[in-house]
Amino acid sequence: RKLFALPFIARLLLISLSSNHPKYHSKRSIHTVLEQRIIISIITIFTTPLLLLHLIMSFSLAAGGSTTRASIPGTNTANPAAPGNQRTTRPIVTGTSVIGIKYAGGVMLAADTLASYGSMAKYKNANRLVSINPKTLIGGGGEYSDFQALTTLLRKAALEDRCTADSLYEEDGSEECAREVWNYIRAVMYNRRNKMNPLWNDVVVAGFAQDKDGSTGEPFLGLVDKIGTAYGDDVLATGFGSYLALPILREKYRGDLEEGEARALLEDCMRVLFYRDCRASNRIQIAKVTKEEGVLISDPYELDTSWDSASFVTPKGEIEGDGGW
Amino acid sequence: QKQHQNMNSHMHTKGIIPRKKSKRMSCSPPPSTAKTLSLLLLVTTITNLLPSNNNDNSKKLSLFVKGNDFNPYQLNGGLVSAIAGKNYVILASDTRLTDGGYEILTRRHLASRLWSAADFGPEEEGEKGESVLGGDGSIVIPTYESTVPSLPFVPRANPLTAAATTAATKLSNVYEEGIMVASAGCAADCEALKRIIRSEINARAHWSSSSSPFQVSNVATLLGQTLYSRRSFPFYSFCVVAGIMEGRRGGGGVYVYDAIGSFERVAVACTGVGKEMLQPILDRLFVSSDSHTNKSSTEYSTSLPTDSPIRRDGKALSPEQQRVGLLTLAPPV
C-alpha cells in the first residue's frame with residue numbers, strides 16, 4: 001500500500017513545486033510542462049513494476065496472502081469471515097491416507113481415490129497420486145483443493161525447468177529430483193504456516209535423490225506435513241495410515257523387497273485401512289518410481305474384501321461380548 | 001478566470017504586451033483547483049499509509065491460538081545434550097521424531113536434530129569412506145552398503161527395528177574443527193532455524209577474507225539473536241551449541257538456549273524432552289577440573305555442619321562451577 005502511494009506523492013510534489021502562479025515562481029521551479037510529465041512518467045515507470053510485483057506476490061500460492069492482512073497471527077479470530085481475511089481454518093474436501101515403501105527397485109506409493117466431503121463419500125475418482133516430472137511422484141492427503149494447487153505450482157516449476165534446460169532432449173540433470181521437490185514443498189508449507197494460512201496437506205514425495213555428480217542416486221521417500229515438518233524414512237504413511245498401516249509396514253519391511261512383495265504389502269495395508277478407516281474406500285491406485293522407467297501410476301482398481309471375519313460378524317462391543325475390539 | 005483577470009490587471013498597469021508564458025499558463029490548471037486537487041491527493045495518501053485498524057478487540061498472542069483449528073506448532077520431541085572438556089566437546093541427541101502424541105513418525109530423524117553450523121573445510125571421511133555430513137549439514141546415517149558392486153543397493157535387513165537403530169547410533173564422528181548445533185522441539189522450526197543459521201555463516205565464511213571468520217561465541221550470539229527476532233511468533237526450538245573456543249582460554253565451549261533466545265555458556269547442558277531427568281545426571285557425573293574444587297574424596301558436602309540432618313551430594317556441581325566451564329570426566333558412581 002505504501003508503494004501505491006508513491007506516484008501520488010510524486011505528482012503531489014510536482015504540482016506544488018511547479019505551479020505557475022506568479023506567487024510561486026522561484027528560480028528552481030520546473031518550468032515546462034513537458035519536463036513535469038517526463039519526471040512523473042519516470043517515477044511511475046520505476047514504481048509500477050514494484051507495485052505489480054507486490055500484487056503478484058501477494059496472490060501467489062507460495063506467499064499465501066498479503067503480509068499486511070495477516071500480519072499478526074491470532075487477530076480476527078472472532079470473525080474469520082471478515083472481508084479481506086481469508087485463511088484456511090479447517091479442511092472441507094479431504095483425502096485420507098497415503099502410504100509409501102522403498103523396495104529393491106525403487107519406491108512405491110498407494111492411495112485410494114476417494115475425496116470425502118465431511119462424512120459423505122463425494123468424489124470417488126479423485127487422483128491423489130500425481131507425477132511432477134518423469135522422475136518424481138507425490139501423493140497428498142488432506143484438503144484436496146490445496147493438493148491440486150500445490151500440484152499446479154510444482155508442475156509449473158517442472159515445465160519451466162524443462163523449457164529452460166540446456167537441451168530439450170537430454171533428460172538427466174535438468175529435472176528436479178525427489179529430494180529437491182521435497183525441500184521445495186517444505187519451504188512452501190513452512191512459509192504458509194508462518195502466515196497462519198496453511199496448505200492443509202500431508203504430502204509424500206517419492207523418487208530418487210540425486211548424487212553430487214548429477215547421476216541418479218538412492219531411492220528417496222519423504223513426507224512434508226502442513227506446518228512444514230519434513231522427514232524421510234523407508235516406510236511412510238499419512239493420516240489414519242500412520243496409526244494402522246505403519247506398524248504393519250515396519251514389521252514386514254525388508255531392504256530387499258521385490259516389487260510384487262512390496263505391492264502385496266501395500267495392498268494389505270490399504271485393505272486394513274478400508275476395514276477400519278471410515279473415510280477410506282477400497283478403490284485404490286498404486287504408483288511406483290524406478291530408475292529405468294521413472295514414474296508409473298496404475299489405473300484405479302478395487303480391492304477384494306472379506307467381511308466374514310469373526311470380529312465383524314459378532315462384534316465384541318455387544319452386550320454378550322467381552323467389550324474388546 | 002482569476003488568472004485572466006490578473007493578467008489583464010498586469011497589462012493595464014504595466015502597459016506591455018502579454019508575456020509569452022500566457023500560452024503555457026492556460027495549459028496548467030488554475031491555482032485554486034490545483035490546491036484542492038493536491039489536498040485531496042494528500043489526504044488519500046495519508047489514509048493509505050496509516051496502519052489498518054483491526055476490528056478485533058484482542059490482540060493477544062499465544063502459542064495456541066484460540067478459535068482457530070490450526071495449531072502452527074507440533075512438539076516433535078527430542079533430547080539433546082553437550083559437554084565441554086579440556087580440549088574437546090561431545091554432542092549427543094536422540095533420533096526419534098514424534099507427532100506430539102503417541103505416534104512415532106520416524107526413528108531415524110537427524111536432519112533438524114543435530115547439524116553442523118556451517119560447511120567447514122574439507123569434508124571428514126566416515127568409516128566407509130563416505131562423507132558423514134549430508135549436503136544440508138546434518139549427520140547421515142548410512143543405510144546402504146555401497147561397496148558391493150554387483151547390486152545397486154544392498155541394504156541391511158530391516159533397519160527399522162530397535163536393535164538396528166542402536167547399532168546405527170554407535171557411529172561416532174570426530175572432527176578437527178567445526179561448530180555443531182543440536183536442537184529439539186518443533187522439527188519444522190528447527191529445520192527453518194538450521195537453514196537460517198547455516199546460510200548466514202556460510203555466506204560470511206565465503207565472503208570474509210580472514211582465515212577463521214567464525215568462532216563458537218559468534219555462532220552462539222547469532223543463534224540467540226535469531227531466536228529473539230521471532231519473539232512474537234517463536235521458533236519452538238531448544239538448542240545447544242558446541243565447539244572449540246578460540247583464544248587464551250581455549251577448550252570446549254557449550255552454550256544452551258531456550259526457545260526465545262536466552263543463552264549462557266555452561267559446562268554441561270541438556271535440553272528437550274526429558275531434560276529434567278538428564279541434567280542431574282550430567283551434574284553428578286562430571287566434576288570441575290579446577291583444583292580447589294576437587295571433591296572426589298567427600299561423599300557428602302562438608303560445607304554444612306556435621307550434625308545437620310541435611311546431606312548434600314558432595315560430588316554434584318555447584319552453579320558457580322557450571323559457569324566456569326571446563327570439566328574433566330570422573331568415573332561414574
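All chains are named by letter (A, B, ...) in the order of the sequence lines, taking the proteins before the strands, and each is independently numbered beginning at 1. All values below were derived from every heavy atom in this structure, side-chain atoms included, with hydrogens, water molecules and symmetry-related copies excluded.
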| query | Does a donor on one side chain sit under 3.5 Å from an acceptor on the other, for B:Arg195 and A:Asn183? | reply | yes
| request: Check whether A:Leu223 gets within reach of chain B through its side chain, its backbone, both or neither, counting any heavy atom under 4.5 Å. | output: neither
| Given that the side chain runs from C-beta out, which part of B:Cys190 has a heavy atom under 4.5 Å from chain A: side chain, backbone, both or neither? | neither
| request: Can you measure from CD1 (B:Ile104) to CG (A:Leu246) and round to the nearest 0.5 angstrom? | output: 10.0 Å
| message | For a 4.5 angstrom cut-off between non-hydrogen side-chain atoms, does B:Asp99 reach A:Tyr243? | response | yes
| query | Checking B:Ala111 against chain A: side chain, backbone, both or neither under 4.5 Å from a heavy atom? | reply | neither
| field | side chain to side chain contact (heavy atoms under 4.5 Å, CB included) evaluation trace for B:Tyr73 with A:Ile227 | value | CA-CA 7 Å; B:Tyr73 293 111; A:Ile227 61 167; 5.9 Å; no
| query | Going by distance alone, is a donor N or O of one side chain under 3.5 Å from an acceptor N or O of the other, for A:Tyr190 and B:Asp189? | reply | yes
| note | What one should report as the nearest heavy-atom pair of B:Glu103 and A:Ser242 is OE2-O, 2.8 Å
| message | Does any part of the side chain of B:Arg108, heavy atoms only, come nearer than 4.5 Å to the side chain of A:Asp234, both counted from C-beta? | response | yes
| request: Locate the shortest heavy-atom distance separating A:Ala230 from B:His109; write the atom from each residue and the value. | output: O-CE1, 3.6 Å
| note | Ranked by heavy-atom pairs below 4.5 Å to chain A, first place among B:Ser112, B:Cys186, B:Ala192 goes to B:Ala192
| query | In terms of heavy-atom proximity below 4.5 Å to chain A, should B:Arg230 be classed as side chain, backbone, both, or neither? | reply | side chain
| With a cut-off of 6.0 Å (strictly less than), are more than 12 heavy atoms of other residues, nucleotides or ligands near CD of A:Glu258? | no
| field | Pi-cation contact, B:Phe70 with A:Arg87 (under 6.0 Å, within 45°) | value | no
| Side chain, backbone, both or neither: which part of A:Arg186 has an atom under 4.5 Å from a heavy atom of chain B? | side chain
| Min side-chain heavy-atom separation B:Gln74-A:Asp225 under 4.5 Å | yes
| message | Are B:Asn71 and A:Lys226 packed together at the side-chain level, in the sense that at least one heavy-atom pair is separated by less than 4.5 angstrom? | response | no
| Does B:Leu105 reach the side chain of A:Tyr231, with side-chain heavy atoms less than 4.5 Å apart? | yes
| message | Would you say that A:Thr229 contacts B:Glu191 through its side chain, given a criterion of any heavy-atom pair below 4.5 Å between the two side chains? | response | no
